[in-house]
Number of protein chains: 2
Amino acid sequence: MNVTSIVLVDDHQVVVDGLEAFLNPHFSILGKARNGKDAIQMVKILKPDVLLMDIDMPVMNGMVAAKEIRSSMPEVKIIILSLHYEKSIIRHLIQIGVMGYLIKSSSKEEVVNAIETVASGSPYFSSDVTVALSTPDVPTDTRLAPQNAKLLSQLTAREIEILKAVGEGLSSKEIAKALHISDRTVDTHRNNIMKKLEVNKVVGLIKFAIKCGLVE
Amino acid sequence: MNVTSIVLVDDHQVVVDGLEAFLNPHFSILGKARNGKDAIQMVKILKPDVLLMDIDMPVMNGMVAAKEIRSSMPEVKIIILSLHYEKSIIRHLIQIGVMGYLIKSSSKEEVVNAIETVASGSPYFSSDVTVALSTPDVPTDTRLAPQNAKLLSQLTAREIEILKAVGEGLSSKEIAKALHISDRTVDTHRNNIMKKLEVNKVVGLIKFAIKCGLVE
DNA sequence: AAATTATTTAGACTAAATTCAAATAACGCT
DNA sequence: AGCGTTATTTGAATTTAGTCTAAATAATTT
């Protein structure tokens with residue numbers, strides 16, 4: 001088998017040169033690019049075994065380039081070399097089909113090891129990446145949106161009580177009975193609430209109550 | 001430096017014996033256990049460098065044992081050897097602080113490599129694990145509950161159209177105008193929908209519409 | 001052709017919401 | 001203690017919306 005050929009892509013010259021310095025006798029560096037756009041061109045012409053690429057780059061970032069290369073040249077194995085620990089980005093790239101993911105703090109040995117592993121057809125992911133992915137997702141919808149919190153805070157205790165009851169599907173009369181007040185009172189409260197929340201339909205109240213977790 | 005010492009834990013004798021067979025000249029196998037409980041005892045007495053353990057085991061499973069060992073003997077490096085791809089389990093174990101995670105389909109070489117990496121102080125996670133973790137979480141609330149799907153399916157197209165409009169806060173009259181039909185018709189549809197969904201309040205309709213993702 | 005289901009409508013009735021107007025209670029402020 | 005503000009409460013008259021019953025027409029299925 002031939003020596004593994006590589007294209008290096010990073011917008012910082014020192015990084016590319018440094019990588020080249022310690023990869024050079026062992027691997028064949030076919031080319032070096034400074035952004036995703038150039039990387040695509042270079043890969044098409046040079047057809048390397050492995051593409052070692054950064055994410056943050058001007059003109060075209062590594063994620064876009066990786067996607068394009070995956071679809072047009074699936075035989076090229078992509079290794080991402082990044083500072084990013086952000087889960088969504090890592091996930092996206094793995095879903096796109098990159099074969100490896102290294103953090104820039106990786107040792108020379110790890111980079112060499114990753115390239116060899118990937119060149120042989122197996123994926124290689126830095127353990128930092130795995131650990132980063134292991135933190136559970138925060139469900140976005142459980143959090144109370146700031147503007148809702150603000151609106152909610154300007155309701156009085158009684159109003160919140162009534163809003164909750166409305167959200168639970170009780171009519172003015174039922175609420176009145178439950179709270180031992182007149183149903184006119186309940187209506188007034190409800191109208192005041194609607195003014196404060198700037199909604200003009202009961203549905204708006206119900207939706208707001210749901211959003212704030214007052215019901216269901 | 002001394003040869004790395006290991007304790008093997010798996011409820012299947014063949015697996016333990018098989019592992020021992022190819023690890024033996026290279027590493028020092030101090031002991032073999034069949035469940036988590038025995039593993040804890042054995043680790044306390046033998047103090048191995050590395051504990052290679054399954055998850056699914058009788059008496060006490062590997063997760064519980066890993067947690068216990070992590071808190072009582074943090075210097076012992078734990079590698080999980082499992083069939084599990086389940087994200088929540090993998091995550092939990094990484095959060096507990098296991099240093100490695102291998103899938104049972106791993107090659108001999110990978111197992112040896114993992115043990116060496118972990119013994120030297122670096123984590124080692126099989127790439128299958130990383131890929132498994134890279135799939136985005138499905139927020140539980142976005143999924144349509146089966147009973148809601150069933151109820152929704154027994155509504156007619158027209159009824160769904162009206163349900164949606166109700167959920168958006170339109171009154172019967174407004175819906176009537178929008179659909180170029182009489183408001184009586186809208187009422188009838190709404191009542192039929194309520195019968196089908198077994199709710200007796202408009203709020204029920206709105207909540208159902210939200211649950212089914214028809215609105216908002 | 002007959003039976004079901006879907007869509008449409010009306011009238012009489014009932015319930016609910018809106019508007020306008022205002023009283024009482026509570027709270028902080030000077 | 002007196003003032004202003006806000007919260008909570010209520011009523012009457014008015015307007016709007018929703019329910020119930022009943023039924024016709026269109027579309028589909030059997």
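Remember, predicted model here, so these are calculated numbers, not experimental data.
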> Identify, with sequence neighbours excluded, every residue that meets salt bridge (Lys or Arg N to Asp or Glu O under 4.0 Å) alongside E168(B).
none
> For the helix from dA1(C)-dT30(D) to dT30(C)-dA1(D), how many degrees between its two end axes (five pairs per end), to the nearest 10°?
50°
> Whole angstroms only, please: what is the CG-C1' distance between L205(B) and dG18(D)?
12 Å
> Given atom CG of D183(A) and atom P of dT9(D), what is their separation to the nearest angstrom?
13 Å
> How many whole angstroms separate atom NZ of K195(B) from atom C1' of dT21(D)?
10 Å
> Could E161(B) and R158(B) be called an ion pair, given the rule that one side-chain N must be under 4.0 Å from one carboxylate O?
yes
> Show me the donor-acceptor pairs, under 3.5 Å and distance only, between side chains in residues 177-186 of chain B and residues at least two apart or in other chains.
| residue | atom | partner | partner atom | Å |
| --- | --- | --- | --- | --- |
| S182(B) | OG | R184(B) | N | 2.9 |
| R184(B) | NH1 | D187(B) | OD2 | 3.3 |
| T185(B) | OG1 | S182(B) | O | 3.4 |

> Is a salt bridge present between E159(B) and R190(B), judged by a nitrogen-to-oxygen distance below 4.0 Å?
no
> What N/O pairs connect the protein and nucleotides 12-18 of chain C at under 3.5 Å? Give each pair on its own line.
| residue | atom | partner | partner atom | Å |
| --- | --- | --- | --- | --- |
| dA17(C) | OP2 | S172(A) | OG | 2.8 |
| dA17(C) | OP2 | R190(A) | NH1 | 3.4 |
| dT18(C) | OP2 | N191(A) | OD1 | 2.8 |
| dT18(C) | O4 | R184(A) | NH1 | 3.0 |

> Salt-bridge test for D17(B) and K32(B): reply yes if a basic N is under 4.0 Å from a carboxylate O, no otherwise.
yes
> Between protein and nucleic acid, restricted to nucleotides 5-8 of chain D and to nitrogen or oxygen atoms under 3.5 Å apart, what atom pairs and distances do you find?
| residue | atom | partner | partner atom | Å |
| --- | --- | --- | --- | --- |
| dT8(D) | OP2 | T156(A) | OG1 | 2.2 |

> Side chains of I6(A) and D49(A): does their closest heavy-atom pair fall under 4.5 Å?
no
> With no hydrogens and no angle check, just 3.5 Å: does a side-chain donor-acceptor pair link S134(A) and Q95(B)?
yes
> Determine all donor-acceptor pairs shorter than 3.5 Å in which one atom belongs to a side chain in residues 61-69 of chain B; sequence neighbours excluded.
| residue | atom | partner | partner atom | Å |
| --- | --- | --- | --- | --- |
| N61(B) | OD1 | M63(B) | N | 3.1 |
| N61(B) | OD1 | V64(B) | N | 3.0 |

> Closest heavy-atom contact between K87(A) and A132(A)?
CD-O, 3.3 Å
> Check K104(A) with D128(A), please: is the shortest side-chain N to carboxylate O separation under 4.0 Å?
no
